[in-house]
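Notes to accompany the following structure.
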Amino acid sequence: MDRILPDSKLLLAVGEPFAAGLCELSGYPPAERYARAWRRWLEHAPLPAYDGQSLYPCGKSLPDQNRPAIAPSYSFTFSLNQDALSDKAAGAEPVLIAQFDALTALLSAESAKTPDRNHRHTVGGNAYTHAIVRYDRVLHEGLDSYEERAHKGLSLATDPEKRSFYTGMLDLLAGIRIWHGRVIMQLRQSEADGIWHGRLLDALSQVPFRPARTFYEAVAAYNFVYYLDGCDNPGRMDQVLQPFYDIARDETDAWQTLSDFADNVSINNGWSIALGGTAPDGKPAYNDLTSLIMRAMRGRFRPSIELRVRRDMQDAVWVAAFDALASGNGQPAFYNEEAYLNGLRAAGLGIREADLALWNGGGCTETMLHGCSNVGSLDAGFNLPLILADSLGRTLKNGIIFDDILESFAADIRREITDALTQLNEHLAARAQHRPQPMRSLLIDDCLDLGRDFNDGGARYNWSVVNVAGLANVADALEALRIAVFVEQLISPDGMRDVLVQNFAGQQQLRQRLLACPKFGNDEPSVDHLAARIATIVYDVISAVPCIRGGRFLPAHIMFETFASAGAVVGALPDGRLAGEALADSVGPVQGRDRNGPTALLRSVSCLPLQQAIGTPVLNLRLVKSAIADEAGQQRIRQLIEVYFSMGGLQIQLSLLDRSELEDALAHPERHEDLIVRIGGYSTYFNRLTLELKREVIKRTEYMV
């Protein structure tokens, strides 16, 4: 029996424009169906209210109440809020109930075309996709030129798939024109008049369809495109806006508009900006806006600011960075520019030398290129302690030697990672066929020029970043096992296996000895060597699997808020860790186990082959708040960062919080509603964390410098 399709007019009437558009072109290729869904969304989705700020759209991209249940998604093409859909169906007339049932069946059929990965390794990533659109091209050329390119592509195309692609792009552009008109109408009808109102209307009469002529028009266009794309990553803002900036004319207004833009990013939980670094000609890329953007975004938890640090970065930029950090928002994080450039060159991704300047961590901080890349971020994640716990359950038997345990664990790593990435490639292949991304295809090079969808390899560069969880846990566990069982012979292999199964019940003396064994993060050669050995195995396996969309899988250590929950499925380990306890945060040590000072911590992490983990190995370092209070303290922090980078470190992010403040926030959250902590690859409000994660943040070692 044929499936009954929902009536698109009825779906529009009940406030589901994206779903309505998806149903309009039944039997058409996906490129046209999803472009039509986007067009209907842009024509009918609710607009945010204008609050009188310097930019519009502003505030939340969608209202909290009466929002559509089906919406476009930059990660999965569309998102479904089943509860919201059920609420709409509850109490509806029978004809509408039938429509909702038909819509549910349609969306289930769409989802079945790209089935979920059936693999336990999804820690910190499960086929997510962030990206950074080509803001600079829109600002310089205007969307009118995009329409001209789409018409030209359609006129030259003979392949049916390309014709379908360009037809969809033109449909999408028609929707953007209508949305642009709705934005202007919303502004004209707004009661929130003021000093910006007329200027904003004038700016939006020019941009984004025609090139920006002034700095204010450029920021207005940037903001417009940011909302159009779904509020993901702002990207290389200082580089894109610099050609429009005149410090004598624009500085005062620039601060306000950039601050308002930061508010828009924050309220939509948006992501990352990279500042400074290297220009396409190899020269330093720091400019007037590099420091101004950091100043304008002081005190905000988003966007995540990534400061690309060269050896010749000016003192003034360091000062601006420390001023921003002193505001308590954990911004910016610091990135080793030379090491990233070399790592990307060595990764075999085919990046043109001039395009290397476009690198920017997207999402939390997954390595991608501004405006011309499709990077799965994070596409997958691998829970190393989970693999180790299972491996030890099979191999810990009397008569075994330590090297055999390592060999068996390495074999398990290779099998599980290869299986997971094989499944991921199958999912990506299905996504390329059935789930186009029209907006990304329009706004990211070279999709429009190639006539090829973003999800089908249309971007100039394609790769995937995958997560590695619990490296420090594994190193600690293996070192404690080696010492207790094979060196000191405190317990037999069989005995250790039983102790782990029983979660150390009645074995507190043994557990205390295991906890006292050398731990990663203290510049202890034995355990650091194990960590590097395991990391090399993991990175080599990941890098050996080609990504079906193009490029390769790049390892990363980015646990954002997942390192606590990731431990829930892991049994007890030989380092004294109890079953269910949190894992280590990203590439750093287990929380609180680094006790020999910050330099020892940095030496341990730099022992790892970090350039192979070019997807980004996040390192959190917590310093007392007073460390940044004066110039001497700032100089010591700068020296610490520079020393780490000289040892090969790629990324470091600082939390400047006192334990007493965090403990008070745990006990009295109402007193600390604005307290921001650095977590994984970004900052967030302490009160947003789970109770378990709050406790793990407090466990972090607190350093003086």
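Just so we're clear, the structure is a prediction, and the values are computed from it rather than from any experiment. Each residue takes its place number in the sequence, starting with 1.
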Interatomic distance, [X] atom [atom1] to [Y] atom [atom2] [nearest 0.5 angstrom]:
X	Y	atom1	atom2	value
Leu621	Leu623	CG	CG	4.5 Å
Asn467	Met559	CG	CE	6.0 Å
Cys372	Arg137	SG	CZ	11.0 Å
Gln53	Asn264	CD	CG	4.5 Å
Ile293	Leu307	CD1	CG	11.0 Å
Phe224	Tyr135	CZ	OH	12.5 Å

Is any side-chain heavy atom of [X] less than 4.5 Å from a side-chain heavy atom of [Y]?
X	Y	value
Leu143	His180	no
Phe322	Val319	no
Phe645	Phe334	yes
Cys364	Trp271	yes
Pro436	Phe454	no

task = Please find out if less than 6.0 Å separates the ring center of His140 from that of Phe244.
result = yes

query = Tyr216 and Trp196: aromatic ring centres closer than 6.0 Å?
reply = yes

With [X], which residues qualify under side-chain hydrogen bond (donor to acceptor under 3.5 Å, both in side chains), at least two apart?
X	value
Ser464	Asp379
Arg435	none
Tyr146	none

inquiry  = Would Asp238 and Asp288 count as a side-chain contact (heavy atoms from CB on, under 4.5 Å) here? Give the steps.
reply    = CA-CA 8 Å; Asp238 60 342; Asp288 294 330; over 6 Å; no

ask   = Given Met169 and Ser441, is the side-chain contact (heavy atoms from CB on, under 4.5 Å) satisfied, shown in steps?
value = CA-CA 8 Å; Met169 290 294 96; Ser441 298; 4.0 Å; yes

Just checking, any donor-acceptor pair under 3.5 angstrom between side chains of [X] and [Y]?
X	Y	value
Thr616	Thr367	yes
His370	Asp136	yes
Arg298	Ser259	no
Tyr461	Asp355	yes
Gln256	Asp260	yes
Gln437	Asn455	no
Ser543	Arg552	yes

Counterpart residues, salt bridge (Lys or Arg N to Asp or Glu O under 4.0 Å), relative to Asp323 (two or more places apart) = none

inquiry  = Please enumerate all residues that pass salt bridge (Lys or Arg N to Asp or Glu O under 4.0 Å) together with Arg440, with sequence neighbours excluded.
reply    = Asp229, Asp232

Any donor and acceptor pair, going by atom type alone, linking the side chain of [X] with main-chain N or O of [Y] inside 3.5 Å?
X	Y	answer
Asn233	Ser272	yes
Gln331	Met294	no
Ser373	Val375	no

Chi angles and distances behind the side-chain contact (heavy atoms from CB on, under 4.5 Å) call for Gln82, Ile70 = CA-CA 9 Å; Gln82 187 61 59; Ile70 298 94; over 6 Å; no

inquiry  = Below 30° counts as parallel, above 60° as perpendicular, anything between as tilted: where do the rings of Tyr340 and Tyr335 land?
reply    = tilted

task = Could you tell me how the ring of Phe261 sits relative to the ring of Tyr222: parallel (under 30°), tilted (30 to 60°) or perpendicular (over 60°)?
result = perpendicular

query = Do Ile542 and Phe382 pass the side-chain contact (heavy atoms from CB on, under 4.5 Å) test, and can you show the C-alpha distance, the side-chain angles, and the key distance before you say yes or no?
reply = CA-CA 10 Å; Ile542 291 172; Phe382 305 106; 4.1 Å; yes

Taking all non-hydrogen atoms of both residues, which atom of [X] and which atom of [Y] are closest, and how far apart?
X	Y	result
Arg236	Thr278	NH2-O, 4.3 Å
Leu583	Ala469	CD1-CB, 4.4 Å
Val545	Phe553	O-CD1, 3.2 Å
Pro48	Lys60	CB-O, 3.2 Å

request  = Please step through side chain to side chain donor-acceptor pair (under 3.5 Å) for the pair Arg431 and Thr77, ending with a clear verdict.
outcome  = CA-CA 9 Å; Arg431 183 184 286 187; Thr77 299; over 6 Å; no

key: Lys/Arg cation over aromatic Trp463: Arg549, 6.0 Å, 45° cone   = no

query = Is the shortest distance from a Lys or Arg side-chain nitrogen in Glu337 or Arg308 to a carboxylate oxygen in the other one below 4.0 Å?
reply = yes

query = Which pairs pass salt bridge (charged side-chain N to carboxylate O under 4.0 Å, His left out) with one or both residues in residues 263-272, sequence neighbours excluded?
reply = Asp263-Arg300

